[in-house]
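In this text, all values refer to a predicted model and were calculated from it rather than measured experimentally. Numbering of residues begins at 1 and proceeds along the displayed sequence. All ligand and atom numbering here is 1-based and tracks the order in the structure.
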Amino acid sequence: MRDSPDHVVVLGGGICGLAAAHGLARAGNRVTLLEGSDQLGGLGTFFPWRQAWVERFYHCVMPTDDDLLELLGELGLRDEVRWRRTRMGMVVDGRHHPFNTAGDLLRFTPLGPVDRLRFGVVSLLLRRLGKGKDLDTTRTEDWLRGLYGETVWTTLLAPMFGSKFGASFGDVPALYVWQRLGRESNVSTRGYPTGGYKRIIDTLAAALRAAGVDVRTRAPAVGMSTTTTSARITTAGGEVLDADRVVSTLPLPLLRGIADADLADHLPCPSVSYQGVVNAAFFLKRPLSGHYWTPVLRSGTDFDGVVEMSALTGTTPYEGRHLVYAMHYTDRGSPLYLEDDRTLAHRWSEQLVTLYADSGLTADDVEEVRVFKAPFVEPVYPLGFLASQPAVRVPGAPVFLATTAHVYPDVTSWNSSVRLAKRVVALMGEAPTTPPAAKPLHPSEPTRTA
Ligand SMILES: Cc1cc2nc3c(=O)[nH]c(=O)nc-3n(C[C@H](O)[C@H](O)[C@H](O)COP(=O)(O)OP(=O)(O)OC[C@H]3O[C@@H](n4cnc5c(N)ncnc54)[C@H](O)[C@@H]3O)c2cc1C
């Protein structure tokens, strides 16, 4: 039994790292959290806009986000989430369609009458149809094409879901889609915290500091080596931290990049690649369609989705402006991802104005555009990932992984990250002090046996 608390270093100050630090501090550990950038919040971070802070990427809470809502409850913020019914639209071949009710579907001209009916019936039954099936080893394309038929697949589903995963969408396990529908289907109510996501992050960071957690920003970890019972982390500032255990929330390629050769040998090498995102935030003088979420298919735009954030939040947070995001998920090496922000902002503004010209949007209505990109957003899961998913605990090292690749089959979200953080903290509480497998020692220490 130790007489002093374990020192745990958490790598990454996104929601997963913050939630993990929260749980670890509560469990009595001494915790240091290292965040590489100058902001806490990861993909949920924000930028200053006039007197306000605005999320770089659109974010909302779903009523099914139980783990996140529980955390918000602990922080006294649960009642600060404002819920609103939201509506969805769809743009296909440049034409706008509402996409919410049975009546909308009956009038949905991109599909013929038989396919409209089939779409409606299958969508209603989809959750039930997937129950008890081995969807983890079933290709999404095989499952959905079979159920919806060729036309619905090629006209709607392939471009819609493919926009998130790129060309390999059809190969992603159908289990992911099924889970996604579980989180979102038939749920038109969405939530947004008063004060934005910054309020959650600030409150969480204050709670961590009050609990004695050493929360550091601008402190990227640049090196890590381990023995079976300890870890040594080097920061970009040259500081060396010794830890009894480490929780890494970094995307696996980034963790591999800081691990020494010995630790890298023990890290999982899963067959997951990651989609990044290119996303623009538009401040407009007028609303668009009032639809929170609108997939944009074959309409001459580089972006393939539009989120009218102020349909959920109202315009008060943005000094009366309407906030709209447009996005395209893509590889971090793609020409679009590498394009300079100015050119991209200019072109996407023109495309947005053209797309909504019929509703009266003009170039004058676009007051400001900000472009944000993130390289590691959506893991592209291979078939049968439940069997090949990397373990949370790295064998032979006191390192625990809490990454977006570990939330599968859940959808990547704040809720999944909070749930994963709780799972990892619980596992660390149970984990034996003697590690499960032997591995070579830290170079400065004598040889060991397991
Ligand atoms: C466009 C978009 C829309 C989204 N919409 C929603 C939504 O509506 N609802 C929802 O719940 N979720 C949404 N998400 C998903 C959600 O943002 C993520 O699932 C979640 O933020 C992942 O959190 P994380 O802590 O696991 O990872 P991240 O947020 O990526 O955090 C990782 C952290 O590690 C830091 N880091 C990296 N390298 C180092 C290093 N060497 N040393 C120290 N720190 C390092 C990074 O700076 C980052 O802060 C959206 C995401 C995007 C991109």
Can a donor-acceptor pair be found between the side chains of Asp304 and His328 at a distance below 3.5 Å? yes
Sub-4.0 Å atoms of ligand 1 with respect to non-hydrogen atoms of [X]:
X: Ser417; result: 22 (C), 23 (O), 26 (O)
X: Val377; result: 53 (C)
X: Tyr329; result: 1 (C), 2 (C)
X: Gly42; result: 29 (O), 31 (O), 48 (C), 49 (O)
X: Tyr58; result: 1 (C), 3 (C), 4 (C), 5 (N), 6 (C), 8 (O)
X: Gly36; result: 43 (C), 44 (N), 45 (C)

Considering Met62, Arg218, Glu35, which one's heavy-atom position lies nearest to atom 33 (C) of ligand 1? Glu35
Closest to atom 41 (N) of ligand 1 by heavy-atom distance, out of Pro220, Gly12, Ala221, is Ala221
So for Leu11, does at least one of its heavy atoms come nearer than 4.0 angstrom to any atom of ligand 1? no
[X]-ligand 1 polar pair, N/O distance under 3.5 Å:
X: Asn415; result: no
X: Gly44; result: no
X: Leu43; result: yes
X: Asp65; result: no
X: Cys16; result: yes
X: Asn279; result: no

Checking salt bridge (charged side-chain N to carboxylate O under 4.0 Å, His left out) against Arg232, which of Asp242, Asp260, Asp262 comes through? Asp242
Under 30°, 30 to 60°, or over 60°: which ring-plane class applies to His97 and Phe108, parallel, tilted or perpendicular? perpendicular
From CA spacing to verdict: ring pair (Phe, Tyr, Trp, His ring centres under 6.0 Å), Phe119, Phe99: CA-CA 12 Å; Phe119 183 89; Phe99 206 72; 5.7 Å; yes
If we set the cut-off at 4.0 Å for heavy atoms, which region of [X] has an atom near ligand 1: side chain, backbone, both, or neither?
X: Tyr325; value: neither
X: Leu34; value: backbone
X: Tyr197; value: neither
X: Leu250; value: side chain

Working note: Asp341 + Lys373, criterion salt bridge (Lys or Arg N to Asp or Glu O under 4.0 Å); need CA distance, chi angles, decisive distance, verdict. CA-CA 9 Å; Asp341 291 359; Lys373 299 168 183 170; 3.2 Å; yes
Qualifying residues under side-chain hydrogen bond (donor to acceptor under 3.5 Å, both in side chains), relative to Arg87, sequence neighbours excluded: none
So with a 6.0 Å cut-off around CZ of Arg85, is the heavy-atom count from everything else above 12? no
Please examine the side chains of Tyr176 and Glu378, heavy atoms only from C-beta on, and report whether any two atoms are closer than 4.5 Å. yes
Let me know which of Thr343, Asn279, Asp302 forms a side chain to side chain donor-acceptor pair (under 3.5 Å) with Trp348. Asp302
Can Arg298 and Asp93 be counted as an ion pair, charged N to O under 4.0 angstrom? yes
Are Tyr356 and His96 close enough that their ring centers fall under 6.0 Å? yes
Would you confirm whether the ring centroid of Phe47 sits within less than 6.0 angstrom of the ring centroid of Phe372? yes
